[in-house]
Amino acid sequence: MDLFTPLKFLKGVGPARAALLEAKNLHTVEDLLIYAPFRYEDRSNLKSIAQLAPGEMATVIGEVRSARQMGFRRKSLGLFEVTLSDDSRSVLICKWFHSGYLESVFKPGQRVAFFGKVEFDSYSRELGMMHPEYEILTGDADEDGDAALHTGRIVPIYEAVGKVHTKLFRTLTRRVLDAITQLEDPMPQSIAERLGFPSRLEAVRGLHFPDADTDLRLLNAFRTPAQQRLIFEEFFWLEMGLLLRRATSRLVTGIRFDLNDKVRNRIKEMLPFKPTGAQKRSLGEIAQDMSKPHPMHRLLQGDVGSGKTLVAAQAAMIAMENGYQVAVLAPTEILASQHYLYFRNLFSGLNYVSTMLTGSMTAREKNQIKKLIAGNYVSLVVGTHAILQEDVDFANLGLAIVDEQHRFGVMQRLKMVRKGVTPDVLVMTATPIPRTLALTMYGDLDTSVIDELPPGRKPIVTKHVIEAKVEQVYSFIRREVDSGRQAYVVYPLIDESETVSMKAASKMHEHLSKIVFPDLKIGLLHGKLAAEEKEAIMRQFKAGELQVLVATTVIEVGVDVPNATVMVIEQAERFGLAQLHQLRGRVGRGGEQSYCILVTGKLSDVGRERIRTMVESTDGFKIAEMDLKLRGPGEFFGTRQSGVPGLHFANLLRDQEFLEMARQEAQRMIEQPVLVREYEQAVSWVNANWQRRYGMVEAG
Ligand code: ADP
Ligand code: MG
């Protein structure tokens, strides 16, 4: 047996179980070894029933005497009861509420282990346990292994995979660890020593079968030396790979953009206002990258409304003034068309030809535009990621600006890079990204942060209103509209279906325009409209011809109407925090006081917490951290993926300190390795394994 032995060859894993494990990406012995327990129980206090005392945590092993659903009179309670006896001839009564499924678990005659807090059951006057943890001991040696493995010690608890329960994981892992005497330990020795980590083999042993004297609290906090090493190691290799990629990409030949006075002056002429200090600094960093003979890979971060788009436009100018083409990629059509309007407006009179290319265009239109792009007749192309799927042949692509909005895959970002002759890449994100995510998802990029809002902004006032009092919201909208302002009313994307939320928005549109505000002009914007219709409605709203805009989340990003001062978000409890913050950022863009009104139904505790965060904070970074905490990395990015692939032990929320440490160590290893040999070994480990382990990004 070695690390690459397929699990199906292990005793106790038949074809059915092997298939279940495969589905969870558990293929080999190595996969099993890094399948970490999610918690631990101290079952060292193994006692016979007669020895038990009320109040203690204990493990007992015995035989099921009876197992049945109780309480025919109060069936709703679903009380399930198991009586257990052992050689001491005493009886233990274990009870579970709402656990009818246990009927198919427990059968009289079974040998079982129960673990829990011993209580005195005053009704039966016997000792008992409420909701104990349990394990059925089948007496099948293949499955149970050594019975002592499951009791009488600190035991690891694994998340079950279908019918593969924690006990089988324990048995298999024990067998594998007994059979294996060596484990490749690629972590540079100098780092492991300096940080005082155990060897990899010791760490894996300690992860699954901690010594009897290990502190249970440390174990469950994932802070034993063994666990710390595994967490660190995982982050270390992730960061090594990202930083090596960053270093290599700096060696590739790219475009050296010339930043002479003529270019500088042209940029100044184009600017509609004085840039903020943070904008200037960011542009400085971008310009410096662009003037180097290597491709730029930079992330531009900043809160909503901080003026990222303006900085991106300046970067575009540098490229275009040097005779290169620029591609601007947006995640949605509506955002693409807004960017298009924004850039076209900004560059009008400067003699640059801009165009737009989106998925909803006809094949004929697309072909025409592609010809223009290939013939170098256009300088700036704004599009959705459809651009990536179509084979657009740029004559002279120099800069790609990717508006990421938490939706674009990193893969797509890279595919695009391949389109031209290694153009510069600037990634903008709509919302601030918590540092942990930035270090992992974007760890290969350099970062600029715009941490200052343009002058004269008044903080947006955020209020929470319950549905029943929505009339108050209407009279408030009326007041603002009467004094010349405009308002948005937004609906969430319900169940991921634009159709459903479109219906809700349409209904509200009808209600508002016929009954509430018959005298006002009210627009309706949703994802199912054709691109020109959307554009037309946006234009009317921007021109003030519409006073209220009812919309689905299509307006989430990018809309820029300084005269709009009210953002009403219906069913706000259905939105993520980052998304709410995005939406709120659509107002407060002019000099007037702006308001965000969150309308909700009845709230859960978490829901109330979320809404309170919004009402109390306008700091995008703080909100993003909270969002990450409440929803987890996968949801945060609005994708199905569960965050960062390749992380088995490490947890972005729990282990931030290790991520920082790993980043530093990786940086040091690349920039000033203690031993060149270690550096070389680390690089070759990354080359051989990184893609397989952290395969979220294409190497290169
Ligand atoms: P972001 O893309 O970061 O959300 P935008 O670039 O859309 O922000 O800018 C938000 C608003 O602020 C826009 O109306 C923009 O014209 C305006 N703006 C940007 N930079 C400045 C500045 N330096 N001074 C005044 N207004 C600015
Ligand atoms: Mg360059």
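Indexing begins at 1, ligand by ligand and atom by atom, following the structure's order. Positions are given from 1, in the same order as the sequence printed here.
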One residue to check: [X]. Relative to ligand 1, which of side chain, backbone, both or neither has a non-hydrogen atom less than 4.0 Å away?
| X | result |
| --- | --- |
| R457 | side chain |
| R589 | side chain |
| M428 | neither |
| P275 | backbone |

Whether the [X] and [Y] side chains hold a donor-acceptor pair (N or O, under 3.5 Å, no angle test) is what I'd like checked.
| X | Y | answer |
| --- | --- | --- |
| H464 | T600 | yes |
| T462 | R584 | yes |
| Q486 | N563 | yes |

How would you list, by chain and number, every residue that makes a side chain to side chain contact (heavy atoms under 4.5 Å, CB included) with E660, sequence neighbours excluded?
->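 So E660 forms a side chain to side chain contact (heavy atoms under 4.5 Å, CB included) with R435, L439, Q656.
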For P454, atoms of ligand 1 separated by under 4.0 Å from a heavy atom = 18 (N), 20 (N), 21 (C), 22 (C), 24 (N), 25 (C), 26 (N), 27 (C)
Relative to the heavy atoms of L310, which atoms of ligand 1 are at a distance of less than 4.0 Å?
->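 Every atom of ligand 1 under 4.0 Å from some heavy atom of L310: 6 (O), 20 (N).
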Does D303 come within less than 4.0 angstrom of ligand 1, counting non-hydrogen atoms of the residue?
->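 For ligand 1, residue contact (heavy atoms, under 4.0 Å) with D303 is present.
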Does ligand 1 have an atom that lies less than 4.0 angstrom from a heavy atom of S306?
-> yes
The option among T276, I450, T309 carrying the non-hydrogen atom nearest to atom 2 (O) of ligand 1 is T309
Pairing of E592 and R485 as salt bridge, 4.0 angstrom limit =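 Counted as a salt bridge, because a side-chain N and a carboxylate O are separated by less than 4.0 Å.
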Between D446 and R246, does at least one N-O distance fall below 4.0 Å, as a salt bridge requires?
-> yes
Please say whether [X] places an N or O atom under 3.5 Å from an N or O atom belonging to ligand 1.
| X | value |
| --- | --- |
| Q279 | yes |
| G307 | yes |
| P455 | no |
| K274 | yes |

Enumerate the residue pairs fulfilling ring pair (Phe, Tyr, Trp, His ring centres under 6.0 Å) with a member in residues 306-337, sequence neighbours excluded, ordered by first and then second residue.
->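 Residue pairs with at least one partner in residues 306-337: F257-Y324.
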For V599, does its backbone N or O pair with a side-chain atom of E570 as donor and acceptor, under 3.5 Å?
-> no
Any donor-acceptor N/O pair, Q582 side chain to Q579 backbone, under 3.5 Å = no
